[in-house]
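Read through the structure below, which is laid out as structure tokens, and then see the notes.
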Amino acid sequence: MEFSEISAFFNTTADQIEASWDIQRLSNIANQRVPDFIMNGRGTLLRADIHILWTQWFIESICDPNLFTNSSQGYAHIVKTVQQRIPIIFPGIPEPDRNKVIKYISRLVDKEAERRKIRTRISVNLETKRLLWDIDRPEPHCWICGYKFTKWAENKFLGYSNYTEAPLPQFIDYMTLHGLIERDISVEVDHAVPFSKGGNEEDNLRLACGWCNSHKSDRTSLYDVALKPRILNHAKLGKQSIPHPFWIVRLLSVCRCCEYEGGCEQTVDNAQLTVFPRHPEGAMNPTNLRLICCEHDPLGSNRFVSRTIAEQVR
């Protein structure tokens, strides 16, 4: 990309708060092609998540699945609703193609309505827990971050009585704050596809640490959270930006490997990964997060802070 293009993009899109209510200026911003460097190597995930969101908005604007969730009105009524709107949206396409679009969108709406119905979760009993534990041997770990479960976590998860007080770490990774509470280091059963989005089959179940499971919740997109990074006062490094935990979970669950520039074979399947900033002085938003293993962590021992400091930003 030429410097003139970079300059034009920044001039059009940066520091444009006053343009928020000006349709002409917003149109100019919307017409800009987003350069790859803006994404900081996260273009695939950022674009995929926003495209999925836009498509969902479009489909639900035609026919809202919530109107047909736990309703006596079924698929036929959905088709009727979609039939009324598609000719308005796509007036120029031939009737056979229009009917295909109607059928396709109607099925998507019906499928989403089914997902949102009141359902009973499959029972995660002790037998299911033991099966998941055995599948994950020889070193059961969190499917998202790679955290290796302790004997204490195993005993608690499998219902053994010989577990004592939780072995909470004395020092905490200030980027994630993993280990502040007992739940963080416990074993939980996660629905890879959230239960609220239809994931209720046994083959959808995974072992996850409580930290990842709680912050993942029913979210599936980076855009499901929009909080600004928090700030921690580090004793050696000064003010440090702290990313939203779900951004970390999303990157870990999708990218899954150490992103050390020199190359690394560590993944969440054989090591616990965390995050570090590509630009140390930058805000820890999704474009500035990189996955790293302990071997290649540029922060080293500075990553860990006392529980007292960590609890201030929890």
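Keep in mind the model is a prediction, meaning the values are calculated, not measured.
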Are [X] and [Y] in one and the same hydrophobic cluster, where Ile, Leu, Val, Met, Phe, Trp and Tyr link if side-chain heavy atoms are under 4.5 Å apart?
{"X": "Ile292", "Y": "Leu299", "answer": "no"}
{"X": "Trp54", "Y": "Ile29", "answer": "no"}
{"X": "Trp152", "Y": "Tyr160", "answer": "yes"}
{"X": "Phe171", "Y": "Val275", "answer": "no"}
{"X": "Ile231", "Y": "Met175", "answer": "no"}

Pair His141 + Tyr147: ring centers closer than 6.0 Å: no
Rounded distance [0.5 Å steps], [atom1] in [X] versus [atom2] in [Y]:
{"X": "Asn302", "Y": "Asp297", "atom1": "CG", "atom2": "CG", "value": "9.5 Å"}
{"X": "Ile242", "Y": "Gln240", "atom1": "CD1", "atom2": "CD", "value": "7.0 Å"}
{"X": "Thr120", "Y": "Ile122", "atom1": "OG1", "atom2": "CD1", "value": "11.5 Å"}
{"X": "Glu154", "Y": "Lys129", "atom1": "CD", "atom2": "NZ", "value": "13.0 Å"}
{"X": "Phe304", "Y": "Ile309", "atom1": "CZ", "atom2": "CD1", "value": "14.0 Å"}
{"X": "Gln32", "Y": "Ile38", "atom1": "CD", "atom2": "CD1", "value": "10.5 Å"}

Would you sort out whether Met39 and Val34 count as a side-chain contact (heavy atoms from CB on, under 4.5 Å), showing the intermediate values? CA-CA 8 Å; Met39 307 287 190; Val34 181; 3.7 Å; yes
Taking side chain to side chain contact (heavy atoms under 4.5 Å, CB included) as the test, write out the residues that go with Arg290, two or more places apart.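 Side chain to side chain contact (heavy atoms under 4.5 Å, CB included) check on Arg290 returns Asn40, Arg42, Glu259, Phe276, Arg278.
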Which atom of [X] lies closest to which atom of [Y], heavy atoms considered:
{"X": "Phe246", "Y": "Thr220", "value": "CZ-N, 4.0 Å"}
{"X": "Leu252", "Y": "Leu291", "value": "CD2-CD2, 3.8 Å"}
{"X": "Cys258", "Y": "Cys293", "value": "SG-N, 3.5 Å"}
{"X": "Ile185", "Y": "Gly179", "value": "CG2-CA, 4.1 Å"}
{"X": "Pro277", "Y": "Met284", "value": "CB-SD, 3.2 Å"}
{"X": "Gly282", "Y": "Ser241", "value": "O-CB, 4.0 Å"}

Donor-acceptor under 3.5 Å ([X] side chain, [Y] main chain):
{"X": "Asn204", "Y": "Glu201", "answer": "no"}
{"X": "His191", "Y": "Pro194", "answer": "no"}
{"X": "Ser7", "Y": "Ser4", "answer": "no"}

Between [X] and [Y], does any side-chain donor sit less than 3.5 Å from a side-chain acceptor?
{"X": "Arg25", "Y": "Gln16", "value": "yes"}
{"X": "Ser253", "Y": "Lys216", "value": "no"}
{"X": "Thr274", "Y": "Arg303", "value": "yes"}

If the threshold is 4.0 Å, N to carboxylate O, is there a salt bridge linking Arg206 and Asp136?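 Looking at Arg206 and Asp136, the cut-off is not met.
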Ion pair check, Asp49 and Arg250, cut-off under 4.0 Å: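 Yes, charged N to carboxylate O under 4.0 Å.
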Below 4.5 Å, heavy atoms only, C-beta onward: do [X] and [Y] meet side chain to side chain?
{"X": "Leu207", "Y": "Phe149", "value": "yes"}
{"X": "Leu177", "Y": "Val313", "value": "yes"}
{"X": "Cys63", "Y": "Val109", "value": "yes"}
{"X": "Pro35", "Y": "Glu5", "value": "no"}
{"X": "Arg307", "Y": "Pro169", "value": "yes"}
{"X": "Arg130", "Y": "Leu126", "value": "yes"}
{"X": "Asp218", "Y": "Phe195", "value": "no"}
{"X": "Asp190", "Y": "Leu205", "value": "no"}

More than 12 heavy atoms of other groups within 6.0 Å of [X] [atom1]:
{"X": "Gln84", "atom1": "CD", "value": "yes"}
{"X": "Lys148", "atom1": "NZ", "value": "yes"}
{"X": "Arg119", "atom1": "CZ", "value": "yes"}
{"X": "Glu18", "atom1": "CD", "value": "yes"}

Step by step, work out the salt bridge (charged side-chain N to carboxylate O under 4.0 Å, His left out) result for Lys197 and Glu112. CA-CA 8 Å; Lys197 292 178 170 58; Glu112 186 59 31; over 6 Å; no
Go through the steps for Ile52 and Trp57 under the test side-chain contact (heavy atoms from CB on, under 4.5 Å), then give the verdict. CA-CA 9 Å; Ile52 290 170; Trp57 284 355; over 6 Å; no
Test: side-chain hydrogen bond (donor to acceptor under 3.5 Å, both in side chains). Region: [range]. Which pairs qualify, not counting sequence neighbours?
{"range": "residues 63-73", "value": "Asn66-Arg116"}
{"range": "residues 92-107", "value": "none"}
{"range": "residues 279-289", "value": "Asn285-Thr287"}

Intermediate values then yes/no, salt bridge (charged side-chain N to carboxylate O under 4.0 Å, His left out), Glu114 and Lys117: CA-CA 5 Å; Glu114 285 293 319; Lys117 282 185 176 179; 2.8 Å; yes
Verify side-chain contact (heavy atoms from CB on, under 4.5 Å) between Gln266 and Cys257, making sure each step is shown before the conclusion. CA-CA 6 Å; Gln266 300 279 44; Cys257 62; over 6 Å; no
Under the ring-ring contact (aromatic ring centres under 6.0 Å, His included) test, which residues partner Trp211, sequence neighbours left out?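 ring-ring contact (aromatic ring centres under 6.0 Å, His included) check on Trp211 returns His178, His215.
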May I ask you to decide if the ring planes of Phe157 and Trp133 are parallel, tilted or perpendicular, using 30° and 60° as cut-offs?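 Rings of Phe157 and Trp133: tilted, 30 to 60°.
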Begin from the C-alpha positions of Lys156 and Ser186 and carry the test side chain to side chain donor-acceptor pair (under 3.5 Å) through to its verdict. CA-CA 8 Å; Lys156 180 185 177 186; Ser186 298; 3.2 Å; yes
Show, in sequence, the C-alpha distance, side-chain angles and deciding distance for Val268 and Ile144, and conclude whether the side-chain contact (heavy atoms from CB on, under 4.5 Å) test is met. CA-CA 7 Å; Val268 294; Ile144 295 174; over 6 Å; no
For Arg47, give me all partners under salt bridge (Lys or Arg N to Asp or Glu O under 4.0 Å), at least two apart in sequence or on another chain. Asp36
